[in-house]
Amino acid sequence: MDTLIAVLRKRGEAVRLLVTGAGYTVSVLLHSVGRVLPDLVHRRRFVRDQLVVCGVSPLPVVAVVGLFTGMILSLQVGVELGKYGQSERVSDIIGIVLFREMGPFMSAMILTASVGSAMAAELGTMAVSEEIDALECLSIDVYSFLTMPRLLGLMIMAPILTFVGNVVGVIGGGIVCSTQLDIPFSVYMRNVRLSLEASPGFFGLPDDIYTGLVKAVVFGALIATISCAAGLRAHGGALGVGRAVRSSVVSCFLMIMIIGYYLSWVFYR
């Protein structure tokens, strides 16, 4: 009986921590969004710095991953379609898959590993060294000073990086098609354009591109919010910072998968 009670107590404590962490993360998101309009002007330098951190630093990785993702997809899909005499259809699949699903997902994973983990480590180090408490003692709004610029910077740069990765991926697929599948590059690009234009969305933007960019914005907000919340709640010295980084990365990966599925369900049901 005592063993059962101990197990239930341990599981209950884990659930309590999970719910508390989720509530705190939502609170960070709401406070940060609430500080955008009032504090954007006098925090513009911090926002500009975060745009550089969130956009310039991951750009080479996004470009390289996007290039080889497009090349791998074209090679694998093209070989299989070639067995049925439908090799030219690979361009339709590559454009839709990259812009609709793979591009946002790929960019979000890269941003989680490179930018989100760095955010959690920075804020976690500040938390364990009591710098957060010092800011509060100086009556400085932590959400305005620390989390809002990071949230805004990642929400702006995530769709831009996603679009760049998609374009590079399409070009990579065209390289494989023209060199290994005997499909002219011009024919490939024309088919990609026609496949995307087949589903018009808002403001003349193809629906697949539009939905992919919306997913990227949501993923950017998720990564920034979860990472900042994990960093602000860090405690226990260097070990606590490590736990915060690990927790933020795992949570971001899980939420990207879950929210990505529901966004796809909303857009394409």
Side-chain angles (χ1 to χ4, degrees), residues 9-36 38-40 42-58 61 108-158 219-256 258-259:
R9 183 182 293 113
K10 185 176 181 179
R11 295 292 181 267
E13 180 65 17
V15 172
R16 185 189 69 81
L17 292 175
L18 178 63
V19 173
T20 302
Y24 182 77
T25 302
V26 174
S27 174
V28 170
L29 175 62
L30 296 178
H31 280 92
S32 301
V33 171
R35 303 313 305 173
V36 171
D39 299 338
L40 180 59
H42 64 274
R43 300 294 187 197
R44 61 184 180 276
R45 183 173 65 86
F46 299 100
V47 175
R48 186 172 62 248
D49 293 341
Q50 290 303 314
L51 290 175
V52 174
V53 171
C54 299
V56 177
S57 301
V61 181
M109 292 299 179
I110 295 172
L111 289 173
T112 297
S114 59
V115 178
S117 60
M119 288 182 179
E122 291 171 5
L123 298 186
T125 302
M126 295 180 68
V128 300
S129 61
E130 300 182 353
E131 293 181 43
I132 303 295
D133 296 334
L135 292 175
E136 293 176 348
C137 290
L138 294 173
S139 298
I140 297 176
D141 190 336
V142 174
Y143 301 108
S144 173
F145 186 68
L146 296 177
T147 62
M148 184 272 289
R150 288 170 168 81
L151 174 65
L152 195 58
L154 202 49
M155 288 181 66
I156 293 173
M157 295 310 302
F219 291 160
L222 279 174
I223 296 168
T225 304
I226 293 174
S227 300
C228 289
L232 292 174
R233 297 180 72 233
H235 61 279
L239 290 177
V241 175
R243 286 193 297 267
V245 174
R246 182 174 63 251
S247 172
S248 68
V249 172
V250 172
S251 299
C252 286
F253 283 166
L254 292 177
M255 292 305 298
I256 288 169
I258 295 171
I259 299 299

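Because only heavy atoms are used, hydrogens play no part in the values below, and waters and symmetry mates are left out as well, while side chains stay in. Along the sequence shown, the residues carry numbers beginning at 1.
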In this structure, CZ of R44 is separated from CG of D49 (nearest 0.5 Å) by 12.0 Å
D141 side chain near M148 side chain, heavy-atom distance below 4.5 Å:
no
Holding to side chain to side chain contact (heavy atoms under 4.5 Å, CB included), I want the full list of residues that pass it with R233, two or more places apart in sequence or in another chain.
T20, Y24
Using a 4.5 Å cut-off on heavy atoms from C-beta on, say whether the side chain of L111 contacts that of P58.
yes
Close side-chain approach of H31 to T147, heavy-atom, < 4.5 Å
no
So, using side chain to side chain contact (heavy atoms under 4.5 Å, CB included) as the criterion, who are the partners of V53 when residues are at least two apart?
Q50
Should L135 and M126 count as side-chain neighbours, where that means a heavy-atom distance under 4.5 Å?
yes
Rounded to the nearest 0.5 Å, what separation is found between the OG1 atom of T25 and the CG atom of L30?
11.0 Å
Could you tell me whether D39 and R43 have a side-chain N and a carboxylate O separated by less than 4.0 Å?
no
Starting at CE of M119, measure out to CD1 of I226 and round the result to the nearest 0.5 Å.
12.0 Å
Looking only at heavy atoms, what is the nearest atom pair of C228 and R150, with distance?
SG-CD, 3.8 Å
Measure across S32 and L151 and return the closest heavy-atom pair with its distance rounded to 0.1 Å.
CB-CD2, 3.7 Å
Non-hydrogen atoms of A113 and S117 that approach each other most closely
O-OG, 2.6 Å
Taking all heavy atoms of S227 and all of C252, pick out the closest pair and write down the distance.
OG-SG, 4.0 Å
Is there a donor-acceptor pair under 3.5 Å between the side chain of S27 and the backbone N or O of G23?
no
How far apart are the closest heavy atoms of A120 and A244, and which atoms are they?
CB-O, 4.3 Å
Whether the side chain of S251 engages the backbone of S248 through a donor-acceptor N/O pair (distance < 3.5 Å, no angle test) should be reported.
no
Please report the interatomic distance CD1(I132) to SG(C137), rounded to the nearest 0.5 Å.
11.5 Å
Can a donor-acceptor pair be found, under 3.5 Å and without considering hydrogens, that links the side chain of T225 to the backbone of A221?
yes
Rounded at 0.5 Å granularity, tell me how far OH in Y143 sits from CG in L232.
7.0 Å
Partners passing side chain to side chain contact (heavy atoms under 4.5 Å, CB included) against V61 (at least two apart in sequence or in another chain)
V65, I110
Can you tell me how far apart CG (L154) and CG (L51) are? Round to the nearest 0.5 Å.
10.0 Å
Taking all non-hydrogen atoms of both residues into account, name the closest pair between R243 and G236 and its distance.
NH2-CA, 4.5 Å
Non-hydrogen side-chain atoms of V115 and I223 separated by less than 4.5 Å
no
